[in-house]
Undergrad: 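Sharing a structure, written as structure tokens. Questions coming.
Atoms within each ligand, like the ligands themselves, are counted from 1 in listed order.
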Amino acid sequence: MKIILLGAPGAGKGTQSKFITEQYGIPQISTGDILRKAVREGTEIGKMAKSYMDQGKLVPDDVIIEIMKARLNEPDCSKGYILDGFPRTLKQAEKLESIAQIDVVINIEVSTESLLERLTGRRSCPKCGAVYHIKFNPPPEDGKCKCGGELYQRDDDREETVRKRLETYRTQTEPLIEYYSSKNLLKSVDGNKTPTEVFQEKF
Ligand code: AP5
Ligand code: MG
């Protein structure tokens, strides 16, 4: 099963991916996570990507496409995968079509004010990748992940950058809704419900 999760920043793509991975045993492939790892490790790609990410802009298509061509060739992808945050432009979608056949595209719809609240309250674990929210999904202990890792707030989750990311989403990624709808691959889900309800409704 090859699934694309579409949705604005904070819609819950990462959160739903974790549920799907658990239920269906297919890997979550998040371009955002891959880029943040490259930033932490200080690689050339990481250094270049950081300047775009900090401004709420997209990293250039050619860079992302190279990363994904390599990633989708890895053995854990043989039975399928969840694409979280890719494709994000028409160019990426067209390229993906030439390397994989996607079964379904799930579009998670959430109101703008909820997106802002979700992103500014998000806390992430650098060690195991778990994602919390200070109000909606608090960690067992303040600032600490269940795995013991120190939780951190993403650099791009400051309100000013969040607004820019939302604008980037509207102009560059939202056209994919029409693109996949015209191919009869799109299913939309109301993402304003609780994470469990969203998962039960669609997966
Ligand atoms: P990326 O990391 O993909 O960020 P994003 O798309 O902006 O999405 P987020 O990770 O912020 O949100 P999410 O939908 O995963 O929500 P989550 O589940 O965490 O990309 C970051 C940057 O990398 C981009 O800006 C760009 O620069 C670059 N990039 C990445 N991919 C690229 C590409 N393909 N091309 C070019 N550049 C690329 O949930 C958010 C919060 O809400 C959490 O705290 C969670 O606990 C909470 N929450 C989740 N669901 C619910 C719910 N139902 N109810 C209440 N709270 C909820
Ligand atoms: Mg995410």
Undergrad: Hey, can you pull the donor-acceptor pairs under 3.5 Å for the side chains in residues 79-88, sequence neighbours left out?
TA:
| residue | atom | partner | partner atom | Å |
| --- | --- | --- | --- | --- |
| Asp84 | OD2 | Gln28 | NE2 | 2.9 |
| Arg88 | NH1 | Gly85 | O | 3.0 |

Undergrad: Remaining members of Tyr132's ILVMFWY cluster at a side-chain heavy-atom cut-off under 4.5 Å?
TA: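 Same cluster as Tyr132: Leu151.
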
Undergrad: Donor-acceptor pair, Arg122 side chain versus Val131 backbone, under 3.5 Å?
TA: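 Judged by distance alone, no pair lies under 3.5 Å.
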
Undergrad: If you measure from CD on Glu117 to CD1 on Ile134, what distance do you get to the nearest 0.5 Å?
TA: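 So the gap between those two atoms works out to 8.5 Å.
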
Undergrad: Is the NZ or CZ atom of Lys183 both under 6.0 Å from the centre of the six-membered ring of Tyr179 and within 45° of that ring's axis?
TA: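 Here Lys183 passes the 6.0 Å and 45° test against Tyr179.
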
Undergrad: Exactly which residues line ligand 1, taking a heavy atom under 4.0 Å from it as the test?
TA: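 Contacting ligand 1 under 4.0 Å are Ala8, Pro9, Gly10, Ala11, Gly12, Lys13, Gly14, Thr15, Thr31, Gly32, Leu35, Arg36, Met53, Lys57, Leu58, Val59, Ile64, Gly85, Phe86, Arg88, Gln92, Arg118, Leu119, Arg122, Val131, Tyr132, His133, Phe136, Arg154, Asp156, Arg165, Gly191, Lys193, Thr194, Pro195.
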
Undergrad: Only counting residues at least two apart or in another chain, list the ones meeting side-chain hydrogen bond (donor to acceptor under 3.5 Å, both in side chains) with Lys164.
TA: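 Lys164 satisfies side-chain hydrogen bond (donor to acceptor under 3.5 Å, both in side chains) with no other residue.
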
